[in-house]
Structures are given as structure tokens and as C-alpha cells.
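In what follows, every chain begins at residue 1, and chains take the letters A, B, ... in the order their sequences are listed. Side chains included, hydrogens not; waters and symmetry mates left out as well; all remaining heavy atoms used.
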Amino acid sequence: MSTNIIRGKSFTKKLNFNGNGSFYFGIGLITFLIILAVAAPLISHFDPTGQDLLNTLVPPSRQHWLGTDQLGRDVFTRILYGARIDLTIGFAAVLLPFIIGTTLGLISGWFGGWFDSLLMRIVDTTIAFPFYVLAIALVFVVGPGPKAIILAITLVGWVAYCRIIRAAVLVAKELDYVHAAKLSGLPTARILRKHLLPNVISQAIIFSMSDIVLSILAIVSLGYLGLGVPIPTAEWGSMIQEGQAYILQQWWIPTIPGLMVVVTGFGLSLIGDGLVKRLNR
Amino acid sequence: MSEIILSTEDLSKHFIGKSSLLGKIRGKAPLSIPAVDGVTIQIESGSTVGLVGESGCGKSTLGRTLVGLYPATGGSLTLLDRQMGIKRSLQERRLVQMIFQDPFASLNPRMKIRDMLTEILLFHKLVEKERVEERCVELMNLVGLPVNALDSYPRQFSGGQRQRIGIARALALEPKVLIADEAVSALDVSVQASIVNLLLDLKRDLGLTMLFISHNIAIVRQISDRIAVMYLGRIVEEGPTEDVFNNPQHPYTKLLLSSVPKMTPGSKLGEAPTGELPSMQAKYLGCRFMSRCPIAIDACKATDPQLIQVSSAGHLAACINL
Amino acid sequence: MTHPLLSVRDLHVEIDTPRGLLKAIRGISLDLNAGDSLGIVGESGSGKSITLKAILGLLPKNARVTSGEIFLDGVSLNSLNAPKRAELLAEKIGIVFQDAIAALNPVMTVGNQIAEVPRRRLGWSKEKSHQRAIELMELVGIPEAEARFHVYPHQLSGGLRQRVAIAIALSGNPQLIFCDEPTTALDVTIQAQVLRLLMDLRLKEKTGIVFVTHDLAVVNEICEDINVMYAGRFVESGGVQECFQNPSHPYAYSLLKSAPDMEHQVERLFSILGEAPDLTKAVNGCPFAPRCFAVTEICRSSEPELRNQGGPFSACHHSSTFKQSLGAVELTADGGQK
């Protein structure tokens, strides 16, 4: 009886890669997507924007793995090139808010005072501002394209990092190892960089994983609204938007890009969950 | 009598709460908590002073004010004949170091022990760059840890070992005064004993001066030359350890000592003391201990008792009934 | 026929940890009668709290009793279904935990919490259980009980909260009170009050007390019997006076020697070498052997059972002779440390 239980356990353990299998699965998934995006020209010899009006709306075949769209463009190729755009903007749009938010949160939490009060009011205001209204306004000012999207996400996105880091700093700065660093006379900049930052940043890293998903969703949503990356550049959002008219007959045209968004989000969420376990031990 | 290395004169630390906007408009003074309220103490070079008292009596706040983690709000603090201002020089900070209570919160979890020590050794230019390694090894030997501990992270150690690392970090700065804030309270009995022995050795070998803050009166007796009893932000009795234990003068000291469970077989706990620690926020005109005191008289209400010499030399108590 | 109030036979508990299966309790037995006072002493990780939880059926999800039997008032708990077992436990045993604020319901007045058991479980009328709650509050020394019936836990000081917790433990008229470090978080003068209260209760109400603590001095003050726990087993068991004067296990001896005594100042404290064994790994021989000053060959190969060897019961191969090894040890100044 007991041997059965033990055997059952070790079996699940094996599947679990020492308790954190989903983490490695997520990493594998995202790495695979990145390889697909980077190696797009090697995997497919079609032009993602090349039209072939004689072969429109072709169902999946040996030649066109996922068929073609209404302009005869190879859907599989457009998915690959779309991954390039969406993943790049997704990661880039998180990097800036991450750096800005973390820095401001660190300073604000450590020093407090008027700077903290002022910053927190700005944070409140930013949170209250509707993101899509801001994004649409920026598209009209800057012009459509990745720049406007990244700018819009940065303007709003730093707030979350700032709050996470500030809260973590408020707790950590009262811990005795920080007191000890103060007592040994180390300069503030060094205490912030070497003693506080490494201990508070894990929360921000974990959040950034779900944040990438959110920014990819934002890019796709803007693309769907026609405010994202200008057509005819391959991008998952605009592919869904263009393909939605054919959803009943050629369902794969809008569905596959949608699935790609889901898979990317799933992979990043798994990494995020895994990081929670690894960084918070 | 050897020289006084650290002394305070009427030192106080009041925590001022934030006043609300409404309070500001009404002109109401913000909440003030006098955690340390007029402490005068002198610590001789090379001696160990035990500071005891119940939670909330201000003993930890006093320790943290002495090392400079909290700025004092009144009185003066003198270290090696120099009066400490709000901002201490690097040198002055280095001379007073602290050992903390929680061995799991007092070490940076993302720093190897070697990096932790190297950082402060080089920053204070305490050794030449080439000698850092040598000094690290020396420190490990001093606190009884194997040399390979240097390349580990704090989480790889037990509570007692971490406490040894904390002591090594404090010693790296070559301080004159060590303030041990409940340094062994979080440890198991057997580990506690070995850390106390280590502190006794270090004190003897390095000539350290120590303020040993603890609620554990039995431990304090083992380690201290002198003992100070604190109640509601004030020191109510101070004297040589043996004198205070054998001949306590202040009624609070008597209550405290009779409350401690004893190890003598067949011992039965003394008459249960009554009452609880009153609030810190109350304003006291007279004696703070009056509400729990068995020998209080009317005069206690009006007179704030000062520390005065009682019985033998160097044994002080603050009670008007002595 | 007489049977002990509580009898535990060869209890084993295992805990699933990320590091593997931890054998937290490796076979303990004890008998307890009404009015007894037993102190269970051990360092962190020795299994003293788990013992209480295992008896009460309050083990965390990742822990389970793997073998052994518990008899409460002569009834085997194994023979009862879960609700019946819980009912019997609740009827016979009251519990006081270390952290009173976590043990009390923050949104219920303390009076109602004390009255809850008489009202719900004993089915008393509202007035009668209210009256009983006030009696209990007076019994545990809460001043102005009538008025304090209506206050919430956060309005009370730490000492009063622990008194409320004791009143709740008493509210079902238990024959036994389990105390898990009930005074560790309290100040020493408040601790003295709570200990005095527990002593009085035992005398007045004939309530048995099991007191789990790391503080030997507390056990000395309030208990008549003591079990010293090490690595999931009792290694010494007997009367407190006898054990304190003449410990028969080297671990108990070392523990007593290393505990500072507020009545005496010693040159150096005795300290115990090394650390407690990792119970996720198999224990070969006596678990204390690697730290013991009187260790011999047999200690490393066979684990001694707790048995009567004259004096307190002891689980040591050399219970009558180990002290002879001490002379040499104490010369190394540090109790064999380093």
C-alpha cells in the first residue's frame, strides 16, 4: 500500500522537474516562439506581404501550411513575421516602464518626504487615466507604429513597477540587514544598489512576466482597432481584424493568430508562476 | 576605575506621529510617544552592561539611539569624549556596532559572506586590498566558523551560525562598543549558550565594551558586569550585577526578579505580581511605576524620582521610598 | 477498572517536506491522569508541538500519524469516526496556544467566544452560558469581567488575551489542558501571572496540564513530571525534581547545564556541540551520539529505548555512568564546543 503511494509520488515528481516543471515548460514554449520569429526567413520562403491574388483563401495544404488569406498571403508566414513584431514590441514596451518604475519606486520608498507624496499623486492620476484613450491620442500625435505603442505603454506602465518596488522598499528598509549596512557607514547609493535592489526586485520581475502578456494584448488590441502597426505589415492583431470576416468559412485565418496570443500568454504566465516559486524561497 | 567610553545625559527619543490635516488646522499637537525619556548612563571601557526590562520599556529604542539608527530628540550622547551630533562621521559610526535579534533578517540574503565583509573592509580602508582575504579568514576564526563559510549565502546557515556571521560583520569594523539587541533571544537554549560564551571570549580577547540588551534576565546575569533596569523609558535601577541581583532596591526590580522562573529544584514561583505595563503616552508627573507599586505613598504622585546612590558604591535606584 | 485519562502508545508522525519525508515523531508513549502536570521540553524541531497536534488531530495537511494508538478516557481514538473523535477530544481537552491574538476571533466579543462552547456544544441557555462565561473570566483573573464581556480581543493587553484564551480552553469543562508555549510571547511579570493561574487551576479544578515549552525554568516552576524530547523521541522521563537533580540522559544533562540560571552566575555556560540530526534521513544508533560527550561504539550502532534504569527513565546506553566522562570534557572549557 505504502509503496504504491511512494511510487505515485515519484512519478509526479518526475513530471514536475523537481517541483518546477511548469517553469521549464514555459521557458521552452517562449524560447520556441522566439526561435520561430528569429528564423522566420529560414522556415518560410514566402514574403509575408507578398500578395497572390490567384490563390486567395486557400485552405491549409502542403504548400500553404495554414492556407492563405483574402489577398493570397501565406498565413503561416505572416504568423511567423507577426511574432517578430509582437514579441519585440511586447518585450520593449515592458523594459522602459520596468527601469523607470523601479528607479522611482526605490527612491520614493527610501527617502519618502515630499518627493514620495508628489510621486504618489502622479501615480494615482496615471492610474485614473484610461489607457486606450491615451494610446489613441498618442497615435494621432506621434503617428501609428511601434513608437506610439511603446510610448503609450511606458507612460502608463511604469506606475505598477513603481508601486510594487516602493511597497517592497518600505518593508525592506526596516529590516536589520539594511540597518546593519547603514551602521557600517556605506553610502546611500550603495545601500540602495547592493542591499535593497537585489532583495526587492524579484516582485517586479515576476510582475513583468504578466505585464508582457498585457502589453502584447494591448498591441494586438490596437492592431485590431486599426491603430497599431500599419498594414500591410504582418501583426497578429491586424490579422485577426482582417480575418474576422471569414471566420465562418476560413476559420483558421483569424483563429490561428488569436491562438498564438493565447499560447504566448500561457508560456509567460508559466514563467511568472515559476519565478514566484524560485525567487520567493 | 577605567575611563568612560560611552555616556548619555538625559537622553530621550520621542517618536512623533504624523498629525492629520484636520489636526494641523485645529492646531493639535501630533501624537508623541516618549520611548526613551531622560536616560543618564555611563559605560566604562571594557565592561559589559546588561539592560533589562519588559517589552515597550524602551530598551531597544535606547540601543538604536546609541548606535545612531535613531536621532535623539533630547539630551546628549558622548562617545570617547566627543559629543555626537545628529550626523555622525564615518569614524564615529564605525566605533559603535550592533548585533541584531533576528538572525534571519539581519543578513542580506543575496550577498555571500565574503562579499559582505569585503565591502565594509574596503570601504573603511581597514585593510590593504591584498590583505582582505587574510582578514576575512581571521574573522571567521574569531567567531568560530569554518573558512569555507565565506563562499556561502546566509540561507545556508542555521540560526546560531548566522548570529556568528552577524558578530563577524560587526567585528570587521573594529568597533569599540558593541550593542547586542536581544542577540540570543531567537536561539535555542544550547545554541544560546555557545553564543554567550563567544561574546564572553571576544570581550576578554578584544577588550570590547558591550551593552547587552535582553528581556532574558537569567542570560543577562551570566554576561554582565553591571545591570540597568528600565521601566517606561527610564532607568530605575543600575548597579553591579551581583549587588542588583542579591540586593535589589527598586520595587520594580524586586517584582521583575521574583517573576523570573528559577532552575532550583523545588522552587515555587513567588506571589503573583499584579497589574500591567501602563501606556507610554500618558504624561507622568510623579513616579511611573506608581500604579503597580506595592509601597507607593502619596508623595510618589508628585515627585519624579531621580537615580540616587543606595547601599553600596555605584548602586543607583530611582525611588523616593528608599 | 482504572485507566489513564490520556494514554499514547508508540505514536509515529511523518511530515512531507520539500527535502523528503521527515520522521517528526519516532515512537512516543505517555500516560496522563487527571490532575497531573507534565512538561514536555525540547528545542525547536524536536517534535514537541507536533506531539500535541497529533494527539488533537490538528496536524497540518502534509503530516500524518503513521502508526500508534491514542486512548482518551479508555476509548481508542482509532476506533472512532472523525466527527465522534473530534467531539470526544473537544469534551476532554482544552487548548491554549502561544499566539493568543491568532487564536481569538477578532470580530467576536471575548464574552461570546467564552460562552460559545457552553451554548453550542453543551446546549445551555443563553443566560446560563453568559453567566458561565463571566464566572470563567473571574476564575482566570480578568478584572471587571462583567464589563469586559463585551470587548473585542484587540482591546485587551497580551496578558489578558492569554487569560481569555485560557478561559475558552476551560469553557467546556475539560479534564486536560494542552498548553503550547503559552507564555513565550509574554513579558516575564505577565508570564508569572499566567503560570500562577495555571497552577491554581490545577489545584482548584483538578485539571491536568500538558505544558510544551523550551524553557526549563518554567517547567521547574509549574510541572511535577517532565519528558525531555530529542529528535522525535522522549529521551528522559520522570519527576521534575529528580530529573533536575539527577538527570539520567546526557542530552537532558547538557540542556540543564546550558540553561542560564538567574540565581547563579557561572564562568561559562555549558554548550552542546553540533546540531540536531536531520530527521529526513535515517537515524542510525542514538540520535544524540554525534553531539554526546560520553559516546561509545554501541551508541553509534543501536538506538537505546526509553526504560527504567534506576532514577528517571532514560534512553541512554550509559545512563548511570555517563557523568564519569564529564571530568575530561569540562576541562576543555567550552563544554566540548568547537
Worksheet item: Below 4.5 Å, heavy atoms only, C-beta onward: do C/Gln191 and B/Pro261 meet side chain to side chain?
Response: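 They are in side-chain contact.
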
Worksheet item: Tell me, do B/Lys262 and C/Glu221 make a side-chain contact under 4.5 Å, heavy atoms counted?
Response: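 B/Lys262 reaches C/Glu221 side chain to side chain.
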
Worksheet entry | Segment of C/Val266 engaging chain B (4.5 angstrom heavy-atom cut-off) |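 C/Val266 touches chain B through backbone and side-chain heavy atoms alike.
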
Practice prompt. Identify which part of C/Leu197 has an atom lying under 4.5 Å from any heavy atom of chain B, answering side chain, backbone, both or neither.
Written response: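 Neither part, no heavy atoms under 4.5 Å.
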
Is it the case that the side chains of [Y] and [X] hold a donor-acceptor pair, with the cut-off being a distance below 3.5 Å and no angle test?
| X | Y | answer |
| --- | --- | --- |
| C/Glu275 | B/Ser158 | yes |
| B/Ser190 | C/Glu43 | yes |
| B/Glu54 | C/Thr189 | yes |

Discussion item. C/Phe234: which residues meet the ring-ring contact (aromatic ring centres under 6.0 Å, His included) condition with it, sequence neighbours left out?
Written reply: none

Worksheet item: Any donor and acceptor pair, going by atom type alone, linking the side chain of C/Asp261 with main-chain N or O of B/Thr264 inside 3.5 Å?
Response: no

Item to complete: Give, for atom CZ of C/Arg268 and atom CG of B/Asn197, the distance between the pair rounded to the nearest 0.5 Å.
Response: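 Those atoms lie 4.0 Å apart.
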
Worksheet item: How many angstroms lie between atom CD of B/Gln192 and atom NE2 of C/His214, to the nearest 0.5 angstrom?
Response: 7.5 Å

Discussion item. Under 4.5 Å from any heavy atom of chain C, what part of B/Leu200 do you find: side chain, backbone, both or neither?
Written reply: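 The answer is the side chain of B/Leu200.
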
Worksheet item: Does any heavy atom of chain C fall under 4.5 Å from the side chain of B/Ser185, the backbone, both, or neither of them?
Response: neither

Worksheet item: By salt bridge (charged side-chain N to carboxylate O under 4.0 Å, His left out), which residues pair with C/Glu138, not counting sequence neighbours?
Response: none

Worksheet item: Looking at B/Ile219, B/Asn246, B/Asn216, B/Val196, which has the largest count of heavy-atom pairs under 4.5 Å with chain C?
Response: B/Ile219

Practice prompt. Identify the two heavy atoms, one from C/Ala259 and one from B/Met263, that lie closest to each other, and give their separation to 0.1 Å.
Written response: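 C/Ala259 and B/Met263 have their closest heavy atoms at CB-CE, 3.8 Å.
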
